[in-house]
Amino acid sequence: MVSDRIDGAAECARALAAGEVTSRALVERALARIETAQPSLNAFRVVRAEAALAEAEAADRELAAGTRKPLLGVPLAVKDDMDVAGEPTAFGCPGAYPPVAEDGEAVRRLRAAGAVIVGKTNTCELGQWPFTEGPAFGATRNPWHPDHTPGGSSGGSAAAVAAGLVPAALGSDGAGSVRIPAGWTHLIGIKPQRGRISTWPRPESFEGITVNGTLARTVADAALLLDAASGNHPGDLHRPPALDVSAAVGRDPGRLRIALSLKPPFTAVPARLDPRVRARVLTLAERLAALGHTVEEAEPRYGQIGLAFLPRATAGLAERVREAPFPELLDPRTRDAARLGRLLGGAPLRAARRAEAVLHRRVGALFARYDVLLAPTTAAPPPRIGTLVHMNGWNTDRAMIAACPYAWPWNVLGWPGVNVPAGFVGEGLPVGAQLLGPAHSEPLLVSLAAQLEADLRWHERRPPRPSATDARAA
């Protein structure tokens with residue numbers, strides 16, 4: 001039996017290298033936890049039990065031979081929009097998808113770092129919504145409150161990590177899809193610079209607004225996974241310079257100038273910050289001030305940034321729908337959004353892409369005066385399961401924008417952001433805050449997040465682990 005002390009990606013890697021545990025034992029523990037939790041939390045679309053055990057045994061042979069890699073033998077999960085050789089990539093869609101032949105570049109790099117991929121986590125249909133529910137797989141539930149969503153679209157990865165099924169996981173973020181579920185499950189969620197983690201076999205994803213990112217309980221684990229997955233395929237359109245983000249975890253960030261932004265960016269429908277979430281973010285701002293930073297209220301000049309988001313998001317969706325093998329099975333909201341994307345895929349899309357340089361200058365002017373931007377991750381705590389899944393398209397968009405108006409501008413900009421836990425509201429529902437920076441600022445954001453973590457010790461608070469009794473009752 002593996003000690004509960006051996007937990008988290010970095011600690012698992014250390015214990016494996018020291019010979020305190022085997023990869024097979026860690027993978028068996030992960031698979032047992034997944035089996036127990038799956039009926040109640042439903043975090044996984046694919047579980048690779050036989051393949052993962054074989055890969056664990058291969059990792060143990062490498063460890064015994066003296067091989068050392070950053071994640072050698074560590075069990076991890078990836079979101080089901082990433083290709084894993086021999087497994088289907090359904091991306092939340094209904095229908096029987098065929099297995100793919102090759103790993104995507106991000107998965108290939110994780111394997112090169114020694115990781116064992118135990119499964120692929122649930123995501124809503126084509127990653128569109130901040131909840132993880134659908135006819136293809138049912139509802140994925142929040143480990144803190146199973147009658148609430150863990151968020152989306154990387155909700156399966158967030159639920160799996162928060163529940164302790166795996167030490168860390170990859171997700172993807174096109175409008176907050178890593179940061180939102182991280183905020184709603186009390187995790188660290190890193191949305192890196194565009195291109196930091198490859199999206200290959202796609203040169204870019206959703207017209208460049210979607211990037212791959214990491215979810216973990218600690219800053220160190222999220223940074224370790226980010227470094228392991230980072231790097232590019234020759235076909236990638238975006239190739240930022242290499243960074244060692246893990247090296248920033250223990251680094252003093254210095255005294256920073258932090259802008260506090262509480263006003264939602266412009267949206268076509270009303271969005272209001274829940275007073276309980278506002279209070280948690282203000283408390284976090286006070287802690288940052290107590291740590292020696294200067295925190296002042298200041299708003300970025302977002303302008304009509306939504307006009308640069310909508311054509312890219314919907315045109316990217318239209319591309320995915322064209323490729324879907326069972327388009328007739330897709331949600332009517334998906335088909336409607338794809339029709340809009342086809343309409344916006346010409347001149348409006350070209351204008352939206354050209355606008356990015358202007359937005360970089362206008363929003364980036366904030367960073368002439370400040371080092372980091374602090375903002376809520378969401379405007380509200382996680383809604384109950386079933387709240388959004390049966391709405392029509394218009395009402396879904398209204399509810400989604402009302403709950404999650406803060407994250408998507410950084411996808412238009414392509415810049416890094418880190419969700420950090422901001423505490424709990426109501427009956428113990430987690431909420432988060434974003435640390436946002438300019439291009440290539442991951443080390444600074446991670447350094448600041450790690451300083452906060454050392455002060456607040458948020459990673460020491462965890463939800464109850466699902467039991468067989470919970471599964472039978474679900």
Side-chain angles (χ1 to χ4, degrees), residues 81 91-93 123-130 152-153 172-178 191-213 232-233 235-240 265-269 300-324 327 330-364 393-394 396-398 400-401 404-417 439:
D81 62 344
F91 200 177
C93 297
T123 173
C124 59
E125 192 169 288
L126 299 176
Q128 300 168 81
W129 304 304
S153 60
S172 59
D173 190 314
S177 288
V178 162
K191 173 216 170 298
Q193 177 75 23
R194 182 184 298 146
R196 180 78 61 213
I197 301 177
S198 175
T199 56
W200 191 261
R202 295 180 182 276
E204 64 175 6
S205 185
F206 286 86
E207 296 293 333
I209 63 170
T210 295
V211 303
N212 293 328
N232 293 106
H233 184 278
D236 287 341
L237 288 182
H238 308 285
R239 303 170 62 84
F266 170 81
T267 56
V269 298
R301 293 173 54 224
Y302 286 122
Q304 304 287 316
I305 192 171
L307 298 177
F309 175 81
L310 187 63
R312 296 173 74 168
T314 57
L317 182 69
E319 177 185 347
R320 300 295 182 107
V321 169
R322 279 196 301 272
E323 299 170 358
L330 295 175
D331 191 303
R333 293 171 293 183
T334 301
R335 299 198 298 269
D336 288 346
R339 278 192 286 272
L340 177 60
R342 289 191 287 273
L343 292 173
L344 298 179
L349 175 61
R350 292 191 293 272
R353 303 251 4 196
R354 286 195 303 269
E356 188 174 305
V358 175
L359 291 166
H360 281 165
R361 291 192 295 271
R362 192 168 69 207
V363 178
W394 171 244
T396 301
D397 289 344
R398 285 176 60 88
M400 181 167 62
I401 291 169
C404 303
Y406 289 100
W408 58 269
W410 244 245
N411 294 89
V412 175
L413 299 166
W415 293 345

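We're numbering straight along the sequence, starting at 1. Quick caveat: nothing in here was measured; it's all calculated off a predicted structure. Hydrogens, waters and symmetry mates play no part in the numbers below; they use all other heavy atoms, side chains included.
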Shortest non-hydrogen pair, Pro311 vs Leu307, comes out as CD-O, 3.2 Å
I'd like to know if the side chain of Arg301 reaches the main chain of Leu359, judged simply by a donor and an acceptor atom lying under 3.5 Å from each other, with no hydrogens or angles considered.
no
So OG of Ser172 and CD1 of Ile209: to nearest 0.5 Å the spacing works out to 10.5 Å
Taking the side chain as everything from C-beta on, heavy atoms only, tell me whether Asn232 gets closer than 4.5 Å to Pro240.
yes
Smallest heavy-atom separation, Gly174 atom then Thr210 atom, equals CA-OG1, 3.2 Å
Between Phe206 and Gly316 the two heavy atoms that sit nearest each other are CD2-C, 3.6 Å
With a 4.0 Å cut-off on N to O distance, would you call Arg350 and Glu207 a salt bridge?
no
message = Does the Lys NZ or Arg CZ of Arg333 fall within the cation-pi geometry relative to Trp129 - under 6.0 Å from the ring centre and within 45° of the axis?
response = yes
Under 3.5 Å: donor-acceptor pair, side chain of Thr314, backbone of Leu310: yes
Do Ser198 and Asp236 pass the side-chain hydrogen bond (donor to acceptor under 3.5 Å, both in side chains) test, and can you show the C-alpha distance, the side-chain angles, and the key distance before you say yes or no?
-> CA-CA 7 Å; Ser198 175; Asp236 287 341; 2.9 Å; yes
Next on the checklist: When you measure from the side chain of Asn411 to the backbone of Asp173, do you find a donor-acceptor pair of N or O atoms at a distance under 3.5 Å?
Outcome noted: yes
Do any N or O atoms from the side chain of Arg361 and from the backbone of Glu356 form a donor-acceptor pair under 3.5 angstrom? no
Only one of Arg196, Gln193, Glu204 passes side-chain hydrogen bond (donor to acceptor under 3.5 Å, both in side chains) with His238, and that residue is Glu204
query = Do Val211 and Lys191 come close enough that some side-chain heavy atom pair is under 4.5 Å?
reply = yes
task = Taking the side chain as every heavy atom from C-beta outward, state whether Pro265 and Pro409 have any atom pair closer than 4.5 Å.
result = yes
Note: Arg353 and Gly208 closest approach over all heavy atoms is NH1-N, 4.2 Å
Check: Ser205/Thr199 side-chain N/O donor and acceptor closer than 3.5 Å: no
d(Asp331 CG, Leu126 CG) to nearest 0.5 Å is 10.0 Å
Problem - Ile305 vs Val412, side-chain contact (heavy atoms from CB on, under 4.5 Å): CA-CA, chis, key distance, verdict - result: CA-CA 8 Å; Ile305 192 171; Val412 175; 4.1 Å; yes
Where do Glu319 and Arg202 land on the salt bridge (Lys or Arg N to Asp or Glu O under 4.0 Å) test, with the steps shown first? CA-CA 11 Å; Glu319 177 185 347; Arg202 295 180 182 276; 3.2 Å; yes
task = Decide yes or no for Val363 and Trp410: does some side-chain heavy atom of the first lie under 4.5 Å from some side-chain heavy atom of the second?
result = yes
- prompt: Checking Trp200 side chain against Gly235 main chain: does a donor-acceptor pair fall under 3.5 Å?
  reply: no
- prompt: Once the angle between the rings of Phe309 and Trp408 is folded into 0 to 90°, is it parallel (under 30°), tilted (30 to 60°) or perpendicular (over 60°)?
  reply: tilted
In short, Ala338 meets Val321 closest at the heavy-atom pair CB-CG2, 3.8 Å
Minimal heavy-atom distance between Ala308 and Ala352, with the atoms involved, is O-CB, 3.6 Å
query: Are any of the side-chain nitrogens in Glu125 or Arg320 under 4.0 Å away from the carboxylate oxygens of its partner?
result: no
Query raised in the report: What's the verdict on side-chain hydrogen bond (donor to acceptor under 3.5 Å, both in side chains) for Gln128 and Ser153, showing C-alpha distance, side-chain angles and the deciding distance?
Result: CA-CA 7 Å; Gln128 300 168 81; Ser153 60; over 6 Å; no
